[in-house]
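See below for the structure under consideration.
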2 protein chains.
Amino acid sequence: MKSQALKGHLDLLLLAILAEGPAHGYAVIEALGVRSDGEFDLPEGTVYPALHRLEKAGLLGSEWSVVGGRRRRTYAISTQGRAALTEQASAWDRFSSAVARVIGDHSANGEPSWA
Amino acid sequence: MKSQALKGHLDLLLLAILAEGPAHGYAVIEALGVRSDGEFDLPEGTVYPALHRLEKAGLLGSEWSVVGGRRRRTYAISTQGRAALTEQASAWDRFSSAVARVIGDHSANGEPSWA
DNA sequence: ATCTACACCTAGAAATACTAGGTGTCAACC
DNA sequence: GGTTGACACCTAGTATTTCTAGGTGTAGAT
C-alpha cells in the first residue's frame, strides 16, 4: 500500500474497453464516452500515448489497416493484458471502497483526536 | 469533462478527514489508515506538501502548538474547504460510477466496432 | 546509549494527463 | 473549387500529482 496508493486509472479503463474486442484509438475514445454516459471525453493526447505505453508494456498488440481510405491502428488486448485487467479491476474495487469509507461515515463526531 | 477528467483524489480524502474536526498532519495520516482499513498508508512526503497546497488555496487554516514537548501544526477546514469537499465528493461519485459503468457490463459482446 | 514512535520538513525524481499543436482522408455544402 | 467538419493518427512540451529519500528534533523505553 505504501507504493503508489493513489495511482491513475486510465490503464484500467482502456483495458476494460479493449477486453470486449479489438478497436482503434478513436473508437476507444468514443466507447469511453458512450459507456460512461459522457463522463469521459478524453483528449487524444491523453489516450494515444497511453495506448502506446500499454503496447510497449505487452498488455496490448496492434495492427495497421486501411478502412475507407483512412489508416487505422487497431489494438487488441493480450493475455498479459487480461491478467493486468483482472488485477487492476480488483485494485479499483479496493481503492474505491476505501475512498467510500473515508468520505462516507460523517457521523462519528466525538472528541477530535488532537484534544 | 475535457479538463482533467482523471484528477487525483488526495485532496478529497484530506478534506473529508478534516471535515470531522481539526487534526495535525501525522494524525491525518493515521486517520486515513484507520478509516480505510489499511488501504491508505500514505508517505509523509505525499501528505505534508498536499496540506500546504490546500492551505495555500484557502481550503484549510493551520495553527502551531506544542503538545508534550513536540510541536504540531493543526489544520482546520475552512468554509471554502467545506464547499470544495461537497463539490469534490459529488465529482467522486460521478467519477466512480462512470468507472463502474465502464468496467462492469462485460456482456455486450456482439460485433466489434471495427467490423 | 540507542532505538522507536512521534512530528515536522524539502528537493528532486517519476509518472500521469493535458495542451497545443501537427498531418492527412473523405463527405458535405456553398 | 473551396471550405468545413468528422474521422484518424501523431508528438513535444508542460503542468500537476505523488513518491523517494533524505533531513531535523523531542520523548520515552530498553
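Note on naming: letters A, B, ... go to the chains in the order of the sequence lines (proteins, then strands), and numbering restarts at 1 for each one. No experiment lies behind these values; they were computed from the predicted model shown.
In the region residues 52-65 of chain A, proximity to DNA chain D at under 4.0 angstrom, judged on heavy atoms, holds for A:His52, A:Trp64.
Partners of B:Thr79 under the side chain to side chain donor-acceptor pair (under 3.5 Å) rule, at least two apart in sequence or in another chain, do not exist in this structure. Annotation: side-chain contact (heavy atoms from CB on, under 4.5 Å) contacts of A:Thr86 (sequence neighbours excluded): none. For A:Ala83, the side-chain contact (heavy atoms from CB on, under 4.5 Å) criterion is met by no residue, not counting sequence neighbours. Remark: B:Ile17 engages A:Val102, B:Val28, B:Ala31, B:Leu32, B:Arg35 in a side-chain contact (heavy atoms from CB on, under 4.5 Å) (not counting sequence neighbours). Legend: residues meeting salt bridge (charged side-chain N to carboxylate O under 4.0 Å, His left out) with A:Arg82, ordered by chain and number and at least two apart, are absent. Remark: B:Arg53 pairs with B:Asp11 by the salt bridge (charged side-chain N to carboxylate O under 4.0 Å, His left out) rule, at least two apart or across chains.
Between B:Tyr48 and A:Asp11, the residue whose closest nucleotide on DNA chain C is further toward the 5' end is B:Tyr48. Remark on DNA chain D: of its neighbouring residues A:Gly25 and B:Gly45, the 5'-side contact belongs to A:Gly25, judged by nearest-heavy-atom nucleotide.
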- Query: Can you give one letter per nucleotide of nucleotides 22-30 of chain D, 5' to 3': B if a protein heavy atom sits under 4.0 Å from the base, S if only from the sugar-phosphate, - if neither?
  - Reply: ----BB---
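Ring-plane geometry between A:His9 and A:Phe95 is classed as tilted, the angle between the planes lying from 30 to 60 degrees on a 0 to 90 degree scale.
In this structure, CD1 of A:Ile29 is placed 11 Å from P of D:dC7, rounded to the nearest angstrom.
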Which pairs of donor and acceptor atoms, one on a side chain in residues 56-65 of chain A, lie under 3.5 Å apart (sequence neighbours left out)?
residue : atom : partner : partner atom : Å
A:Ser62 : OG   : A:Glu55 : OE1          : 3.4
A:Ser62 : OG   : A:Glu55 : OE2          : 2.8
A:Ser62 : OG   : A:Arg73 : NE           : 3.2

